[in-house]
Amino acid sequence: MNKLNGMIKYFLCVMIVSVMATNISHAQEKAPAPFGPVPTANQMRWQQMEYYAFVHFSLNTYTDQSWGFGNEDVNLFNPEKLDCRQWARICKEAGMKAIIITAKHHCGFCLWPSKYTEYSVKNAPWKNGKGDVVKEMADACKEYGLKLGIYLSPWDRNHPDYGKPEYITYFRNQLTELLTNYGEIFEIWFDGANGGTGYYGGANENRTIDRTTYYDWSNTYKMIRKLQPNIVIWNDGGDRADLRWVGTEGGAVGETNWSLLNATGDVPFNMLHYGVENGDSWVPGEVNTSIRPEWFYHPGEDARVKTLPQLMETYYNSIGRNGTLLLNFPIMPNGLIHPNDEKAALDLAAAVKKAFSVNLAAGKKAAASNTRGNAKQYSAAMVTDGNNESYWATDDDVTNASLTIDLGKPTSFNRFLVQEYIRLGQRVKAFTVEAFVDGSWKELAKATTIGYKRILRFPAVKATQVRFTVTGSKACPLISNIGIYNAPQILDAPSVIRNQQGEIIITPVDDESAVYYTTDGSVPTVNSKKYNGPVKTDGKVEITAIAYDAATGKSSPVSNEKFSISRKLWKVVGIEDEKATAVLDGNPATAWHQGKDKKVPVDLVIDLGRQEALIGFRYLPDQNIWNPAIISHYEFYVSNDNADWKLVSNGEFSNIKNNPLWQVKNFSAVSARYIKLRALQKADGNEETGYAEIDVITE
Ligand code: FUL
C-alpha cells in the first residue's frame with residue numbers, strides 16, 4: 001500500500017513537473033517581446049531597399065560650382081540631350097531601387113515649373129520653358145520600376161524672403177507641389193547646409209537662421225506625412241526625422257552602428273556616425289556619397305570617378321554596416337550621366353553579384369547552444385533557410401549564445417554576413433566568428449553591432465564548420481540570416497604622393513603586389529618601370545601607376561597624380577612649431593593645426609624660396625574626421641618681399657565641411673615668392689585652424 005502510495009505520489013510529481021515544463025516551454029515559444037525602439041513600417045521598407053541613387057543637377061552643372069550663389073542666369077539651363085530614362089536605366093542595371101533628384105539645390109533654381117517662383121525651368125531655354133525635369137524623372141522611374149525621392153534644399157540663396165517667416169510659406173508651397181504632382185515619393189531629403197551669404201533677390205547679404213526653430217519642422221513633417229503617408233524623412237538640420245546623416249559624405253558609417261538616437265538634444269558627430277546605444281528613437285543611418293569627389297558635374301573629375309575597389313569599400317562600409325547606400329551621379333550639362341560613371345556603377349553591381357551570389361551556408365545544418373523553448377520555429381535552422389522573416393532566438397534570459405554551421409565539407413570563404421530580426425529591435429552589442437581549422441577553433445573576426453545587415457571581411461580560410469557567437473546583447477538575440485561567401489580578390493590602385501624633397505612615393509594597398517608606373521601620362525603595364533623605392537623629381541610631373549599581383553595575374557585600377565613644382569625650397573614663415581612642415585610633406589594623412597582661440601583672421605605664410613609664376617593654389621583640409629578645424633572662407637595673397645601683399649583670390653570653400661577634398665582656386669597669372677592663406681572663417685567656428693597640405697598651381 002505504502003509502495004503504491006509512493007508510486008502514485010511519484011507519478012503525480014512527474015505529471016505536475018511535466019505540466020509545468022510544458023507550460024514553461026509553451027511560454028518560451030511565445031514570440032520575443034520587442035526590445036527598445038523598433039522601426040516603423042516605412043523605415044523597415046526603406047531599410048530593405050539597401051541601395052539607391054542620388055542625382056545632382058542644377059545651374060551649378062553649368063557653372064562648375066559646388067554651391068550656386070543664387071544669381072546664376074536661368075538661360076544657362078539647356079540640357080540638349082536630357083534623358084531621365086538613361087539615368088533610370090543605369091540605376092536599374094546597377095541594382096538600385098530608387099532615385100532621389102535635387103529638385104532645388106541651395107541656389108534656389110527649380111527643376112520643375114513651380115508656380116511660386118520665376119527662378120525655374122519655366123524661364124529656361126530648355127524645351128522653350130515647357131519642360132519639367134521632375135516629371136520626366138517620375139515617368140522614367142515608373143517605367144523602370146524604381147521609386148522616386150526628392151531633395152529640396154531648405155536654404156535658398158535666390159529667394160528674397162529667405163530668413164523671414166514668409167519664406168516658410170514659400171517652402172511649404174513648393175513641398176506641396178512636389179508631394180502632390182509626381183506620384184508616390186519614398187523619401188524627402190532636407191539638406192543641413194543652412195544660411196549664409198547669398199543673392200536673396202538682389203540683397204546680396206549674409207542671412208543667418210536658427211535651424212532648430214526657423215523651419216518649424218514639426219508642422220512641416222505633419223503636412224508631409226498627410227500628403228505622402230509612406231514617405232521617410234531625411235533631415236540633418238532640425239527636428240529628429242526618420243533617417244539620419246552619418247556625419248560624413250566620405251561613404252562610411254561607423255563599424256558600431258546603432259539605428260538609435262535620442263529624440264531631443266544635440267547630435268554631435270559621434271552620435272551621427274555610430275548611433276546611440278540606448279537612444280530612445282529608431283533613426284537609422286543613410287550613407288550618402290558621390291561616385292566622384294564632388295556632388296555636381298565638373299569636367300575636371302572625369303578621370304576621378306571612384307574605382308571599383310573604392311566603391312566596394314563604400315559598399316562594405318555602408319550596406320555592410322547596417323546602413324543604406326545613397327550613391328550620387330552628377331549629371332553632365334547635356335543632361336546625361338557620363339559613361340565613366342555608368343561603367344563604375346555597373347562594375348560595382350557585377351562585383352557585388354560575384355561576391356554574394358553563392359551563399360555557402362544556404363540550407364546547411366546549424367546547431368545552437370540555446371534555442372528559445374527548444375522550439376523548432378526559433379531553431380538555428382532559421383538562419384540558413386533563406387527566409388528573413390524567420391529567426392533563431394534564445395530564451396529571454398540568454399544573451400550570450402553561439403550557433404555553429406556545418407558546411408558539410410572543407411570550404412574556402414572570406415566573408416561573413418549576418419542579419420538581426422530588427423522588427424523587434426536592435427539588440428546585439430558584440431559577436432565573434434570562428435572557423436574549425438586543424439582541430440581547433442580559430443577566431444576570424446570580432447565585431448560590435450549587427451542591425452539589419454552586417455558583413456565582415458577576413459583573409460580566406462578553409463574550414464568545414466563556422467561558429468557565430470553573440471558575446472553581448474541587450475536582450476535575447478534574434479538572428480534572421482547568416483551568409484558565408486568567398487568573394488574574389490579585388491586589387492586597389494596604389495597611392496601616389498610627392499614629399500617635400502620632390503621624391504615620388506608609390507604605395508600599394510596590400511603587401512603582395514608589385515607596382516609599375518610611367519611619368520608621361522600613359523597607362524602602365526608590366527613592361528613599364530617597376531617601382532623600387534622613392535623616385536627623384538623636380539618640376540612638373542604626371543605619375544600613372546598600377547599594382548600587379550603576379551600570383552593571379554590581376555592588375556589594379558590606375559592611379560594618376562599630377563604634381564606642380566616641387567616644394568624643396570619652401571618654408572613656413574614666422575612659425576616656430578616644426579610640425580608645421582606637415583603642410584608641405586605631400587602626405588594627406590599628416591596635418592598641422594595652428595591657433596587655439598576662435599580669433600580670425602589666421603594667416604599661414606610660405607616662402608617658396610624663389611619667384612614662381614603662379615596661377616592658383618590648392619588647400620587640402622585635415623582629413624581626420626575628429627576636429628579637423630577646416631577653413632570655410634579665405635583670402636589668398638602673394639608678395640615678393642613678405643611685406644607688400646596683393647590679394648589674388650578670396651571666397652568660400654563650398655561644402656568643404658561635409659566633403660573635405662582638395663580645394664582648387666585659380667587666379668590671374670602673377671609672379672611671386674611668398675604666399676599667404678588667410679582663414680577668415682572656420683567651419684563650425686572651430687578654435688584651431690587645420691591644414692593637411694598647401695600647394696600652388698604654376699603656369
Ligand atoms: C550637402 C550639400 O551642401 C551638397 O552640395 C550636396 O547636395 C550634399 C548631398 O549635401 O550638404
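Atoms considered below: every heavy atom in the structure, side chains included; atoms not considered: hydrogens, waters and symmetry mates. When a ligand or atom number is given, it counts from 1 through the structure's own listing order. Numbers here are sequence positions counted from 1.
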What part of Phe296, side chain, backbone, both or neither, has a heavy atom within less than 4.0 angstrom of ligand 1?
neither

Over 12 foreign heavy atoms within 6.0 Å of NZ, Lys665
yes

Which atoms from ligand 1 have a heavy atom of Tyr151 less than 4.0 Å away?
7 (O)

With the threshold set at 4.0 Å, does a side-chain nitrogen-carboxylate oxygen contact exist between Lys127 and Asp132?
no

Residues 183-190 side chain polar contacts: donor-acceptor under 3.5 Å, at least two apart:
residue	atom	partner	partner atom	Å
Glu184	OE1	Asn230	ND2	3.3
Glu187	OE1	Trp46	NE1	3.4
Trp189	NE1	Glu286	OE1	2.8

Parallel, tilted or perpendicular: rings of Phe57 and Phe77 (30°, 60°)
tilted

Would Glu136 and Arg85 pass as an ion pair if we require N to O under 4.0 Å?
no

Tell me the protein heavy atom at minimum distance from atom 2 (C) of ligand 1, and give that distance in Å.
Asp191 OD2, 3.0 Å

Atoms of ligand 1 close to Phe54 [distance to a heavy atom under 4.0 angstrom, numbered from 1]:
9 (C)

What is the closest protein heavy atom to atom 5 (O) of ligand 1, and at what distance does it sit?
His105 NE2, 3.0 Å

Around atom CG of Asp266, are there more than 12 heavy atoms from other residues, nucleotides or ligands closer than 6.0 Å?
no

Ion pair present between Lys306 and Glu313, side-chain N to carboxylate O less than 4.0 angstrom?
no

Nearest to atom 4 (C) of ligand 1, what protein heavy atom do you find, and at what distance?
Asn655 ND2, 3.4 Å

List ligand 1 atoms under 4.0 Å from Trp67, heavy atoms only on the residue side.
2 (C), 3 (O), 4 (C), 5 (O)

Could you list the atoms of ligand 1 found under 4.0 angstrom from a heavy atom of His106?
2 (C), 3 (O)

Glu249 neighbourhood, listing ligand 1 atoms whose heavy-atom distance to it stays under 4.0 Å:
1 (C), 8 (C), 10 (O), 11 (O)

Looking at His56, which atoms of ligand 1 are within less than 4.0 Å of one of its heavy atoms?
6 (C), 7 (O), 9 (C)

